[in-house]
Trainee: 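So that we are looking at the same thing, I have put the structure below in structure tokens.
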Protein chains: 2
Amino acid sequence: MSARTRRTPLSRERVLAAAVELADAEGVAAVTMRRLASAVGVEAMSLYHHVPGKDALLDGLVDAVVDEATAAIRELEEGEGPRDWQQTVRRRFLTARSVMMRHPWAPGLIGTRTTIPPSVYAHYENLLATLVEAGFSYHLAHRALHTFGSMPLGFVQELFSPTATGGSTDVELTEAELMQMAEALPHVTAMVASEVHDNGDDMLGWCDGQAEFEFTLDLLLDGFARQLSARR
Amino acid sequence: MSARTRRTPLSRERVLAAAVELADAEGVAAVTMRRLASAVGVEAMSLYHHVPGKDALLDGLVDAVVDEATAAIRELEEGEGPRDWQQTVRRRFLTARSVMMRHPWAPGLIGTRTTIPPSVYAHYENLLATLVEAGFSYHLAHRALHTFGSMPLGFVQELFSPTATGGSTDVELTEAELMQMAEALPHVTAMVASEVHDNGDDMLGWCDGQAEFEFTLDLLLDGFARQLSARR
DNA sequence: ACCTGAACACCGTTCAAGT
DNA sequence: ACCTGAACACCGTTCAAGT
């Protein structure tokens with residue numbers, strides 16, 4: 001009767017795919033049972049036939065992006081020669097990060113979930129496998145799991161993004177406010193001035209999230225490499 | 001008229017304090033305008049006289065715990081002799097973590113806030129001051145800010161807490177399920193077995209969040225110490 | 001100035017009813 | 001088996017009204 005073409009009878013996969021699409025477009029807050037239902041051309045209560053409830057839907061949502069990362073990593077590594085463990089780990093986390101950047105709502109959602117999604121166990125297993133094969137003890141590998149644990153999740157929030165300062169129009173500060181801030185936070189002010197100068201006055205791009213991420217990742221990788229050789 | 005003693009006419013501070021108390025007791029989800037109002041002995045709409053709205057209330061909630069951390073650090077450091085930058089930074093983050101542990105809902109809430117709370121600028125300023133005085137360039141100090149940025153936030157979620165496995169009663173896995181898991185995740189299984197053995201069969205406490213946190217913190221501190229001496 | 005009641009537009013979820 | 005309508009118990013927020 002309706003103009004909406006829909007002959008496939010709906011399924012858990014279609015519901016989750018629509019939920020990801022909705023979250024990408026309007027954020028997680030927008031994915032309510034009612035709105036998701038109407039997006040998929042159905043009444044809210046019909047969703048309960050494919051998903052036990054809102055909470056399970058959110059769990060499914062994080063599983064969906066973790067699976068996307070899993071697939072991206074598999075594609076990256078297939079038919080590839082052997083690499084050392086640092087390169088392997090490095091590229092995996094960079095790939096995971098790129099997937100998270102496609103779904104900026106995901107890290108926040110993962111952080112609020114109380115149970116650890118089953119889909120990440122596969123990542124633990126893979127990471128453990130490469131570390132142990134590289135000579136890590138299970139104890140050191142366990143520490144690495146904790147240390148790297150929040151790597152793909154963090155770093156989505158920029159430190160000083162222009163939009164983070166406040167509302168829509170009040171980004172511009174008065175000279176008096178700037179003076180006041182410079183007085184209260186002299187080192188912060190000096191740092192911003194120094195970095196902006198080096199970057200050629202490009203105020204918007206002075207925090208390069210990708211570069212910062214790689215720096216931290218390499219710092220950790222170097223640290224574990226040192227631990228490894230010290231214990232050998 | 002009511003038995004609830006309440007002659008002080010309510011204030012932003014009292015509202016926020018009650019909100020923190022409510023979040024500690026029942027989680028952030030429980031702090032709704034209506035429930036918070038009744039907890040403070042008032043009707044929901046009265047709250048709008050002291051707080052602009054729900055969003056501002058949540059912002060106030062994170063400011064409250066950040067301020068608590070600020071106070072704890074100030075108390076820690078006052079009347080204390082000079083220390084090297086690594087000890088100073090280390091103790092600050094450990095203190096911040098101990099505050100976060102008192103309010104387990106806080107890191108998750110901070111993660112979802114879109115704007116960076118003004119109260120953390122003071123922490124940036126303090127951290128920058130000690131790093132720059134220790135010889136960090138503003139560029140390296142900037143990287144440190146990003147690297148350490150998520151330290152006090154992360155690590156609240158335990159990797160394999162008993163409650164994280166599922167509901168209330170289904171923590172126990174059947175032998176068949178364990179066998180299946182051991183087959184699918186051999187390294188994870190071996191790691192757990194190895195660590196549990198070392199810890200004397202204490203399954204519950206085999207992930208020591210505090211120890212893992214300190215390990216990562218020291219790894220990062222060592223990394224920056226090396227960066228610092230290499231560039232000198 | 002501070003608090004309130006009623007109302008509005010939304011939630012997640014249950015339940016009996018349709019096909 | 002799958003979808004629906006009405007209903008319930010909750011949300012945040014506005015607005016006119018009380019003191």
Side-chain angles (χ1 to χ4, degrees), chain A residues 1-23 25-62 105 108-109 112-115 167-168, chain B residues 1-23 25-62 105 108-109 112-115 167-168:
Chain A
M1 197 190 282
S2 84
R4 195 182 293 273
T5 56
R6 154 174 67 91
R7 65 177 62 85
T8 39
L10 204 53
S11 67
R12 180 183 157 82
E13 285 66 37
R14 284 223 308 145
V15 169
L16 286 178
V20 170
E21 203 175 337
L22 186 55
E26 306 189 45
V28 244
V31 32
T32 69
M33 298 299 274
R34 284 168 151 94
R35 290 201 52 180
L36 176 57
S38 92
V40 90
V42 101
E43 224 63 24
M45 310 76 201
S46 306
L47 296 179
Y48 285 82
H49 289 275
H50 306 98
V51 147
K54 178 71 181 287
D55 233 54
L57 192 153
L58 293 180
D59 282 337
L61 224 44
V62 336
W105 46 269
L109 181 61
T112 58
R113 298 284 81 194
T114 52
T115 93
S168 46
Chain B
M1 198 189 283
S2 85
R4 195 182 292 275
T5 56
R6 153 174 68 90
R7 66 177 62 85
T8 40
L10 204 53
S11 67
R12 179 183 157 84
E13 286 67 36
R14 283 224 308 146
V15 169
L16 286 180
V20 169
E21 204 174 336
L22 187 55
E26 306 189 45
V28 244
V31 32
T32 69
M33 298 299 276
R34 285 169 151 94
R35 291 201 52 181
L36 177 57
S38 94
V40 89
V42 101
E43 224 63 23
M45 310 74 202
S46 306
L47 297 179
Y48 286 82
H49 288 276
H50 306 99
V51 147
K54 179 72 180 289
D55 233 55
L57 193 153
L58 294 180
D59 283 336
L61 224 43
V62 336
W105 45 269
L109 181 60
T112 57
R113 299 284 80 195
T114 52
T115 93
S168 44

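Numbered from 1 within each chain, the chains take letters A, B, ... in sequence-line order. Side chains are part of it too, since the values below use all heavy atoms of this structure and drop only hydrogens, waters and symmetry mates.
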Trainee: According to salt bridge (Lys or Arg N to Asp or Glu O under 4.0 Å), does anything in residues 44-58 of chain B pair up with another residue at least two apart or in another chain? List the pairs.
Mentor: Asp55(B)-Arg113(B)

Trainee: Please pick, from dC3(C), dT4(D), dC3(D), the nucleotide with the shortest atom-to-atom distance to any side-chain atom of Leu10(B).
Mentor: dC3(C)

Trainee: Tell me the interatomic distance from Leu57(A), atom CG, to dC11(C), atom C1', rounded to whole angstroms.
Mentor: 14 Å

Trainee: Just to be sure I follow the notation: if a pair is Watson-Crick (purine N1 to pyrimidine N3 plus N6-O4 or O6-N4) or a G-U wobble (N1-O2 and O6-N3), each under 3.5 Å, what dot-bracket string does DNA chain D give, with | for pairs to another strand?
Mentor: ||.|||||...|||||.||

Trainee: Can you pull the salt bridge (Lys or Arg N to Asp or Glu O under 4.0 Å) pairs that have at least one residue in residues 37-49 of chain A, sequence neighbours excluded?
Mentor: none

Trainee: What pair of heavy atoms forms the shortest contact from Leu47(B) to Val15(B), and how long is it?
Mentor: CD2-CG2, 4.1 Å

Trainee: Measuring from Thr32(B):OG1 to Leu22(B):CG, what's the distance to the nearest 0.5 Å?
Mentor: 7.5 Å

Trainee: Going by side chain to side chain contact (heavy atoms under 4.5 Å, CB included), name the residues that satisfy it together with Ala44(A), two or more places apart in sequence or in a different chain.
Mentor: Arg34(A), Ala37(A)

Trainee: dT4(C) phosphate, OP1 or OP2: any side-chain N/O from Ser46(B) under 4.0 angstrom?
Mentor: yes

Trainee: Using a cut-off of 4.0 Å between protein heavy atoms and nucleotide atoms, how would you tag nucleotides 12-19 of chain C 5' to 3' with B, S and -?
Mentor: BBB-----

Trainee: Has His50(B) got a side-chain N or O lying under 4.0 Å from the OP1 or OP2 atom of dC3(C)?
Mentor: yes

Trainee: Please tell me if the side chains of Trp105(B) and Val31(B) come closer than 4.5 Å, counting only heavy atoms from C-beta onward.
Mentor: no

Trainee: Answer whether the closest heavy-atom distance between the side chains of Leu58(B) and Thr112(B) falls below 4.5 Å.
Mentor: no

Trainee: Which residues pass the salt bridge (charged side-chain N to carboxylate O under 4.0 Å, His left out) test with Arg35(B), not counting sequence neighbours?
Mentor: Glu26(B)

Trainee: Please determine whether any donor N or O and acceptor N or O are separated by less than 3.5 Å between the side chain of His49(A) and the base of dC3(D).
Mentor: yes

